[in-house]
Each structure stands twice: as C-alpha cells, then as structure tokens.
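What follows is a short report on a single structure.
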Amino acid sequence: MHVQWSHLSSRNMPFRPHTRLMFLTSHNSQQNSTRSVSAHSLCQRTQAGHTNRWQLAGALGSDLLGQAQVRRAEEFGDKSGDRKIKSADPMTLHWHEDATSCPQSPLPRLIHPLSASRRTRLCKDVTWSSKLDTQEEQFYILSRRLTQNAKPDAVLECLGVRWELHCSVLSYSDTLSELYSNSKRQRDVQLQERAALSFALRTLYDQEERPSEWGEAVLSTAALLGMSNLFQKCLKEMLANISSLTVCSFHRVSCKLKETVLQRACERWLELFLVTELSFHIKLRDLPFDLLLKTLLSPRLFTSNEYEVLRAVLCWLYLQLNPLRQTLPAHSTIITFFSKEMAVFLEQPQGQKYITIFQALRMHGITEWQHLQELQNIRVLPESWLLHILSNHYHTLYSGGDLVLTDFSKQAIRFGMMFDREQVCCTQTISIYGFYFLLQAAKTGESDTYSFSIERLRHWDPAVCQSSIVSRPYSVRSDRSVRYQITVQSYANGEWQEHSSGPVNQEFGLCKRRSRSKPFLIEGLSSPILVTFALAFPF
C-alpha cells in the first residue's frame with residue numbers, strides 16, 4: 001500500500017518550500033531506514049550567522065529569530081576577501097564568495113550564456129579584494145565619472161561579477177543591445193501577465209472590476225482561463241481603443257489568438273493613420289516588417305503626399321537599427337544618421353531585406369527639389385534607383401507631364417486632406433510637373449452633404465504661393481489630360497466607411513468653363529473625414 005504525502009497532509013510536519021511529494025512504503029525495513037535518516041538529518045548541527053546556535057535542518061515558518069539571523073548573516077560585510085559564509089538555509093546550500101549579498105536588482109539583467117553563474121558580485125564592492133585598483137573597480141570609477149553618477153539601466157552578469165551598464169553605451173555592442181532588449185521585453189511581459197491574471201481572478205468575485213488597461217495581457221489570460229464573457233468584453237474594449245499606443249500590440253495578439261475582427265480593425269487603422277499619427281510616436285518601432293509592407297501596398301493608405309510616406313519609412317528604419325532608442329528622433333537626426341554612411345545601405349547585407357519596403361514607395365511622386373536633394377544626400381538608395389527617379393522626372397517635364405501608366409492604382413500621385421467637424425471648407429494647392437491644381441472639400445449648406453472637386457490654376461493665380469513660382473517649373477501647355485480619383489473615408493456607425501469616385505478622365509484647360517472637375521457629392525458623412533486625391537497624367 002502506498003500513501004501519498006504532501007505538506008498539507010499533516011499539520012505536524014514543518015513546511016518546506018519546493019518540497020516534492022513523497023511516497024512511503026509500509027515495509028518495516030524501509031520505515032526504520034526512513035526514521036533513522038530523518039532522525040540523523042534532524043540532529044545535524046548547522047551554523048547560523050556568527051553564533052553557534054542549534055538549528056533544525058527543516059526551516060520552521062515560525063522560527064523568526066533564526067530567519068532574522070540568516071538575513072543579518074547575508075547582509076554582513078567582511079573586508080577579508082578570503083572569508084566565506086555558508087548559508088543557513090538547508091534548501092540552498094551553496095557558498096557565497098563575498099560576504100556582502102547584493103539584493104536582486106529591479107533592473108533588467110543581461111546574463112551571458114557562457115557565464116550564467118550564481119557566483120557574482122557587484123564591481124563597485126571593493127571588499128572582495130585587498131587590491132584597491134582592480135579591473136572591476138577601474139570600470140566602476142570610469143563609468144560613474146563619464147555618466148555623472150547616473151543610475152544604471154542594466155546589470156550584466158559575466159565572469160562572476162555584476163557590471164552596471166547604461167543605455168547610452170549599450171548601443172555600441174550588438175550582443176548587449178539584443179540582450180538588453182530581450183531582457184526588458186521579458187520583464188515587461190511578466191509584469192503585465194501577473195497584473196492580468198490578478199484582474200481575471202478578481203472578476204470571478206466581482207464582475208464590475210476593471211483593469212488598469214484593456215489589452216494583450218487581459219485578452220490572453222481570458223482565453224487561457226476560458227472566461228468567454230471577459231474575453232468578449234476585453235475584445236470590445238480593444239476595438240474601441242485602437243491608437244498609436246496600442247495598435248501594434250493589439251495586432252500581435254489578434255494574430256496569436258486568430259481574432260480576425262480585431263486584426264482587420266488594426267490593419268484598417270494603420271491604413272488611415274500610419275503616416276499621420278503612428279510615424280510621430282515611439283511605438284512605430286514595434287510595427288512588424290510584414291505589417292508595414294502590407295500597409296504601404298494598400299490602395300487605401302492615407303497620406304498628405306508621397307514624401308511623408310518616405311519620411312515615415314525612414315523613421316521606422318532608424319528605430320529598427322537603433323532598438324535602444326526610447327524617444328522619437330528628430331527628422332534632422334535621421335537624415336544625419338543615414339548621410340554619414342559611406343556605403344549605400346540597401347546594397348549592404350544588413351539592408352537587403354528592406355528593399356521591398358522601399359520598392360513599395362511611389363518615389364516618382366516626390367517632386368520638390370529639396371526633397372529630391374535629401375534623397376541624394378542619404379546613403380540609402382542605390383545609385384541606379386536615384387538615376388532612374390531623376391531621369392524620369394526630366395523626361396516627364398520635357399514631354400509636358402506625360403507619364404507611362406500601367407497601373408493607375410499603384411502609380412497615381414496621392415495628396416490628402418483631413419476635414420474636421422468645425423471646418424466648412426478645406427483647400428490645398430499642389431504642383432505636378434509644372435501644372436498647378438486647387439483641391440477643394442466643402443460642406444454644402446447646413447446639411448451633412450460634402451462636395452469635393454479639382455480645379456486647374458494658372459501659375460500666376462493668387463492661390464499659388466509666390467515663392468513657388470520662383471522655385472518650381474510651370475508649363476505653358478493650355479490643355480492637360482488628367483486621370484484622377486477622389487476617395488473619401490469617414491467614421492460612421494462604429495466603423496470606417498469608404499466612398500470613391502472611381503478613376504475619371506478629364507481634359508483640364510485654362511478657361512473657367514474647362515478648368516474645374518465635376519463635383520463629387522457625398523451625403524451622411526461625419527468627422528473626421530479623410531480625403532485622398534490621386535492624380536496621373538496619361539499620354
């Protein structure tokens with residue numbers, strides 16, 4: 001007969017942490033052997049601190065004096081580097097090299113695979129050696145002096161020493177950067193999972209409980225525990241709170257749990273706000289490669305112009321190459337970073353995988369001379385790409401704006417405007433290959449009907465900025481064949497709706513009768529309203 005014991009099966013047995021379940025056989029010999037071994041282990045004498053106090057091998061939960069002496073022994077500092085103190089805890093019998101036991105640091109710990117050892121010490125502790133100029137101490141003094149005694153961001157365990165490091169220097173080591181990022185990510189996930197689990201269990205007692213934030217941790221915990229009501233409630237809250245702060249994490253958990261509704265909502269949000277919002281938020285660094293590429297290729301991507309898409313991609317790429325960056329860099333910082341390189345980035349092994357991202361951009365729509373100059377200054381695009389872009393600009397200008405169109409949905413140059421509730425009219429003047437146009441969006445009367453149109457301008461028109469006349473070319477061609485499409489996206493009834501005029505071909509002249517497109521009217525729109533004008537000049 002076998003009897004299964006645990007620490008809960010007998011109130012007289014002392015509690016031992018991490019005690020495994022024991023199986024006792026009813027044979028007399030085995031009982032005698034077990035008793036003799038237990039009696040021998042209970043009579044062992046162990047040292048606790050600096051006293052010779054008698055202590056049982058099994059730690060008693062009520063032995064407060066013994067526990068206090070153990071803690072004092074661990075915190076005691078002895079300047080003798082050769083003296084070693086043995087832990088009084090029978091479950092953790094190992095030797096400490098230094099008498100000063102460092103408490104567990106709240107900072108991320110970078111543990112090298114070749115030196116994952118408990119025998120570590122802080123390099124700032126000079127008690128372990130009689131020498132005053134050890135290599136560890138030299139590092140500590142130098143790092144503190146150059147960082148002006150700033151608090152460390154990470155602790156590296158290596159060669160039996162804990163090295164306190166700062167983010168400002170971790171970026172110079174790819175290995176340390178990766179270790180830091182992984183350690184920080186794991187710590188954040190653990191903290192989030194602990195708080196989600198706590199909230200999920202509280203909802204079992206009180207359905208009105210609310211977490212600090214609805215997100216990945218709560219949804220994953222609800223799915224793991226099979227709490228369908230909490231799962232659906234969390235999903236509903238997440239759908240209503242997609243933003244720059246949450247879109248990347250929401251999309252990640254939606255793919256993990258195969259929640260297609262949340263996944264489509266996140267991808268739809270990115271189509272609208274990748275360029276206008278997420279590109280100005282540090283969370284842009286969490287956007288996966290595949291999701292960025294899918295968003296760039298979407299025909300519904302909203303942007304004010306093609307240069308802003310390039311700017312967002314350069315910012316994303318900078319954050320991928322500088323993962324320890326905690327704040328969004330200025331655009332000038334990004335340009336300086338890519339301009340200082342001698343080799344072309346996309347031609348290097350590190351940059352090969354990003355080629356498809358830049359191929360998804362409509363760089364033929366970047367026509368401002370300062371933006372073209374910027375393209376040449378940054379060492380990102382191959383010389384053949386730059387030559388192709390500039391030569392196409394030249395031939396298009398020389399031919400009066402004619403473009404070789406094979407796919408209007410991918411080649412049309414986009415211009416966008418955002419229309420708020422308070423606005424009655426919104427206009428934007430654009431210039432393409434020497435032709436000037438006025439893009440208009442206006443509310444008609446007191447109703448919720450809006451009108452959208454395109455009007456060709458003469459280059460001396462008052463609506464055209466006077467500085468543009470000097471810095472931009474202009475065409476004297478009287479007629480210009482234009483293919484355009486007006487796309488309006490607005491939020492109504494809990495979802496984003498899309499209205500499109502479809503591709504329209506029209507000859508735009510300079511006389512008033514032929515200079516304006518037919519108004520595109522839409523009823524029932526509510527703000528915010530995102531309007532995209534896509535234009536191309538066919539033969």
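Keep in mind it's a predicted model, so treat the numbers as computed, not measured.
We find the CG-OH distance between Leu530 and Tyr491 to be 13.5 Å, quoted to the nearest 0.5 Å. Note: Phe437 CZ to Ile430 CD1 = 6.5 Å, rounded to the nearest 0.5 Å. Rounding to the nearest 0.5 Å gives a distance of 9.0 Å between OG of Ser501 and CZ of Phe533. The CG atom of Asn392 sits 11.5 Å away from the CE atom of Met363 when rounded to the nearest 0.5 Å. Of the inter-residue distances, the one linking His395 atom NE2 with Asp402 atom CG reads 13.0 Å to the nearest 0.5 angstrom. From Leu439, atom CG reaches atom CD of Glu455 across 10.5 Å, with rounding to the nearest 0.5 Å.
Between Trp496 and Phe273, the ring center distance clears the sub-6.0 Å criterion.
His393 places a side-chain N or O within 3.5 Å of a backbone atom of Ile366 that can act as its donor or acceptor partner. Within the 3.5 Å criterion, the main-chain N or O of Leu262 finds no donor-acceptor partner in the side chain of Ser254. Remark: side-chain polar atoms of Arg362 are paired, donor with acceptor, to backbone N or O of Ala412 under 3.5 angstrom. Between the side chain of Glu306 and the backbone N or O of Arg414 there is at least one donor-acceptor pair closer than 3.5 Å. Between the Ser399 side chain and the Thr396 main chain, a donor and an acceptor come within less than 3.5 Å of each other. Of the possible polar contacts, one joining the Ser517 side chain to the Ile454 backbone as a donor-acceptor pair under 3.5 Å is found. At distances below 3.5 Å, at least one donor-acceptor pair connects side-chain atoms of His166 with backbone N or O atoms of Ala150. The main-chain N or O of Trp369 is never found under 3.5 Å from a side-chain atom of Gln373 such that the two would form a donor-acceptor pair. Remark: the backbone N or O of Asn241 is paired with a side-chain donor or acceptor of Thr246 at under 3.5 angstrom. Using a distance-only test at 3.5 Å, with no hydrogens or angles considered, no donor-acceptor pair links the side chain of Arg325 to the main chain of Leu319.
In summary, the side chains of Asn505 and Arg483 do present a donor paired with an acceptor at a separation below 3.5 Å, with no hydrogens or angles considered. Side-chain atoms of Gln320 and Tyr354 form no donor-acceptor pair, as typed in the model, at a separation below 3.5 Å. Judged purely by distance below 3.5 Å, without hydrogens or angles, the side chains of Glu164 and Ser143 never pair a donor atom with an acceptor atom.
Smallest separation of non-hydrogen atoms from Met417 and Gln428: CG-OE1, 3.2 Å. Counting all heavy atoms, side chain and backbone alike, Thr367 lies closest to Leu372 at O-CD1, 3.9 Å. The nearest pair of heavy atoms linking Asn377 to Ser339 is O-OG, 3.6 Å. Closest of all the heavy-atom pairs between Leu278 and Lys283 is CD1-C, 4.1 Å. Between Ala492 and Gln497, the closest heavy-atom pair is O-NE2, 3.8 Å.
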Ser249 vs Asp286, side chain to side chain contact (heavy atoms under 4.5 Å, CB included): CA-CA, chis, key distance, verdict: CA-CA 8 Å; Ser249 62; Asp286 298 332; over 6 Å; no
Pair Glu277, Leu272 - check side chain to side chain contact (heavy atoms under 4.5 Å, CB included), show working. CA-CA 9 Å; Glu277 291 191 20; Leu272 298 168; over 6 Å; no
Determine, stepwise, if the pair Phe435 / Phe537 fulfils ring pair (Phe, Tyr, Trp, His ring centres under 6.0 Å). CA-CA 10 Å; Phe435 296 91; Phe537 297 162; 5.5 Å; yes
Test side-chain hydrogen bond (donor to acceptor under 3.5 Å, both in side chains) applied to Arg516 and Ser453, step by step: CA-CA 7 Å; Arg516 189 165 184 171; Ser453 63; 3.3 Å; yes
Begin from the C-alpha positions of His251 and Glu267 and carry the test side chain to side chain contact (heavy atoms under 4.5 Å, CB included) through to its verdict. CA-CA 8 Å; His251 186 271; Glu267 293 175 359; 3.1 Å; yes
What do the steps show when you test Val482 against Gln506 for side chain to side chain contact (heavy atoms under 4.5 Å, CB included), and what is the final call? CA-CA 6 Å; Val482 179; Gln506 180 176 336; 5.8 Å; no
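Under the 4.5 Å side-chain criterion, counting only non-hydrogen atoms from C-beta, Leu274 is not in contact with Val247. Using a 4.5 Å heavy-atom cutoff, the side chains of His371 and Leu375 are not in contact. Two residues are said to be in side-chain contact when any heavy atoms from C-beta on lie closer than 4.5 Å; Ser451 and Pro519 meet this criterion. Residues Leu381 and Val344 fail the side-chain proximity criterion, which asks for heavy atoms closer than 4.5 Å. In this structure, the side chains of Thr487 and Arg300 stay at 4.5 Å or more apart for every pair of heavy atoms. At least one side-chain heavy atom of Leu403 sits under 4.5 Å from a side-chain heavy atom of Tyr433.
A salt bridge is absent between Glu495 and Arg268: the closest approach of a Lys/Arg side-chain nitrogen to an acidic carboxylate oxygen does not fall below 4.0 angstrom.
The neighbour count for Glu523 CD, taken as heavy atoms of other residues, nucleotides or ligands under 6.0 Å away, does not exceed 12. Atom CD of Gln370 sits in a crowded spot, with more than 12 heavy atoms from other residues, nucleotides or ligands closer than 6.0 Å. Residue His388 qualifies as open at atom NE2: its count of foreign heavy atoms under 6.0 Å is 12 or below.
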